[in-house]
Protein chains: 2
Amino acid sequence: MRLTAKSEYGLLALIDLAVAWNGGPVSTRDIARNRDIPPAFLEQLLATLRREGLVIAVRGARGGFVLARDPHSISALDIVEALEGPLAPTVCAAQAICGREGTCAAEPVWARVSASLRNVLGEFDLASLAERQALFDAAFTVPTPEE
Amino acid sequence: MRLTAKSEYGLLALIDLAVAWNGGPVSTRDIARNRDIPPAFLEQLLATLRREGLVIAVRGARGGFVLARDPHSISALDIVEALEGPLAPTVCAAQAICGREGTCAAEPVWARVSASLRNVLGEFDLASLAERQALFDAAFTVPTPEE
DNA sequence: TCAATCCTGACAACATAAGTAGGGTTTGCC
DNA sequence: GGCAAACCCTACTTATGTTGTCAGGATTGA
């Protein structure tokens with residue numbers, strides 16, 4: 001079982017945007033460099049996230065992307081669902097194909113997997129992830145007091 | 001996010017074997033018919049499950065498959081892992097590729113997703129699933145007291 | 001004006017999923 | 001002994017999804 005690289009890249013990118021929250025827009029190029037993501041691919045992902053209403057694009061020179069709303073109100077689930085579509089662990093969890101809807105003992109298994117997955121992803125919000133990331137970044141950045 | 005048809009078919013097949021626990025072996029053909037699974041494909045899955053030690057094959061006429069141990073001791077997690085390999089939601093959950101191991105805020109997200117998934121799947125055992133399935137089956141089978 | 005930046009659609013290489021095909025081997029039963 | 005039922009094994013196929021790349025267009029700050 002796996003989520004695709006889209007989710008992984010998308011979450012990283014939006015953590016970076018959350019870190020820069022209240023600052024100016026961040027360009028795909030900067031994020032791609034920072035996170036080692038193929039730039040053109042990341043651009044596509046951010047375009048999707050814009051269409052899904054999670055980020056706002058600022059075009060032109062010195063442009064980039066900004067979170068569309070407060071980082072507290074964006075969860076990992078929002079990002080994953082925006083990039084991967086609805087989260088169903090199996091075909092059968094989405095639609096009964098065996099003609100046994102309601103009479104198949106396997107049904108609750110997939111239902112509970114799906115619910116638990118959504119639940120866990122929903123618990124992570126960008127604000128806390130960004131906070132944690134900022135701590136990590138600070139620990140590995142030499143302070144430059146002369147600036 | 002999704003598990004593949006293998007998990008879905010495999011779980012259904014092993015529920016059928018659990019229902020027939022203490023009876024004789026059940027053939028792939030019977031299971032395939034009962035669950036509407038392509039027979040040749042199911043055969044491959046059962047061969048995998050045999051190699052993984054979950055079922056025992058009985059060759060020759062009147063042969064088939066039997067659970068290798070008590071249905072109480074086989075979980076949905078056992079089946080899914082046997083058929084799909086180790087359960088990692090993203091590439092990064094399996095191996096850090098960005099060179100930020102321990103300093104990436106996204107890491108705990110995938111870790112918790114993985115843990116929760118394993119946890120939920122581990123909660124379902126074949127004995128209870130078979131019990132439930134037997135109830136469903138009984139409800140849709142006309143009793144034949146004259147036999 | 002120019003360069004930085006996002007926007008869009010097409011395309012390609014590769015991997016995986018889902019099944020098919022065809023033979024080989026074992027074994028219960030008449 | 002013969003035969004059919006069943007598992008065993010490997011290879012092949014077809015379709016789809018993933019992970020990008022590429023080329024050009026539109027927008028805008030300096």
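In what follows, every chain begins at residue 1, and chains take the letters A, B, ... in the order their sequences are listed.
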Find the distance Phe65(B):CZ to dC7(D):P and express it as a whole number of Å.
5 Å
Should the heavy atoms of other residues, nucleotides or ligands under 6.0 Å from CZ of Arg69(B) be counted, would the total exceed 12?
yes
Can you find a donor-acceptor pair, distance only, under 3.5 Å between Glu84(A) side chain and dT18(D) base?
no
Distance-minimising heavy-atom pair for Val26(A) and Ala20(A):
CG2-CB, 3.6 Å
Do Ile74(B) and Ile79(B) come close enough that some side-chain heavy atom pair is under 4.5 Å?
yes
Over all strands shown, is Ala47(B) touching base, sugar-phosphate only, or nothing at heavy-atom distances under 4.0 angstrom?
nothing
Can you tell me the distance, in whole Å, between the CD1 atom of Ile37(A) and the P atom of dG20(D)?
10 Å
Considering every strand and a 4.0 Å limit on heavy-atom distances, what is the contact class for Gly60(A): base, sugar-phosphate, or nothing?
base
Pick the nucleotide of DNA chain D nearest each of Ala61(A) and Thr4(A); which residue has the one closer to the 5' end?
Thr4(A)
Between the base of dT20(C) and the side chain of Glu43(B), is there a donor-acceptor distance below 3.5 Å?
no
Starting at CD of Glu8(B) and ending at P of dA17(C), how long is that distance when rounded to a whole Å?
14 Å
Listed nucleotide nearest any side-chain atom of Ser27(A), set dC8(D), dT20(C), dT5(C)
dT5(C)
Hey, any chance Leu11(A) and Val66(A) share a hydrophobic cluster, counting ILVMFWY side chains that come within less than 4.5 Å of each other, even indirectly?
yes
Atom CD of residue position Glu123(B) - does it have more than 12 heavy atoms of other residues, nucleotides or ligands inside 6.0 Å?
yes
Is there a side-chain polar atom (N or O) of Thr28(B) under 4.0 Å from OP1 or OP2 of dC7(D)?
yes
Which whole-number value in Å describes the distance from Arg59(B) CZ to dC3(D) P?
20 Å
Short side-chain N/O contact from Tyr9(B) to OP1 or OP2 of dG19(C), under 4.0 Å
yes
Atom pair distance, as rounded to whole Å: CZ in Phe41(A) and C1' in dT8(C):
16 Å
Show, in sequence, the C-alpha distance, side-chain angles and deciding distance for Leu83(B) and Leu3(B), and conclude whether the side-chain contact (heavy atoms from CB on, under 4.5 Å) test is met.
CA-CA 10 Å; Leu83(B) 291 172; Leu3(B) 300 166; over 6 Å; no
Check whether the side chain of Arg62(A) and the base of dT28(D) form a donor-acceptor pair under 3.5 Å.
no
Whole-Å distance separating the CG atom of Leu45(B) from the P atom of dA18(C):
10 Å
Does a nitrogen or oxygen in the side chain of Arg2(A) sit under 4.0 Å from OP1 or OP2 of dA17(C)?
no
Whether Arg50(B) contacts dA6(D) is assessed here as follows: a side-chain N or O lying under 4.0 Å from the phosphate OP1 or OP2. Is that the case?
no
Any Arg51(B) side-chain nitrogen or oxygen under 4.0 Å from OP1 or OP2 of dC7(D):
no
Ignoring backbone atoms, test whether Arg29(B) places a side-chain nitrogen or oxygen under 4.0 Å from the OP1 or OP2 oxygen of dA6(D).
yes
Taking dC7(C), dG20(D), dT20(C) as options, the one with an atom nearest any side-chain atom of Gln44(B) is dT20(C)
Nearest whole Å is fine: how far is dA18(C) P from Asp36(B) CG?
15 Å
What's the CG-P distance between Leu46(A) and dT8(C), to the nearest Å?
13 Å
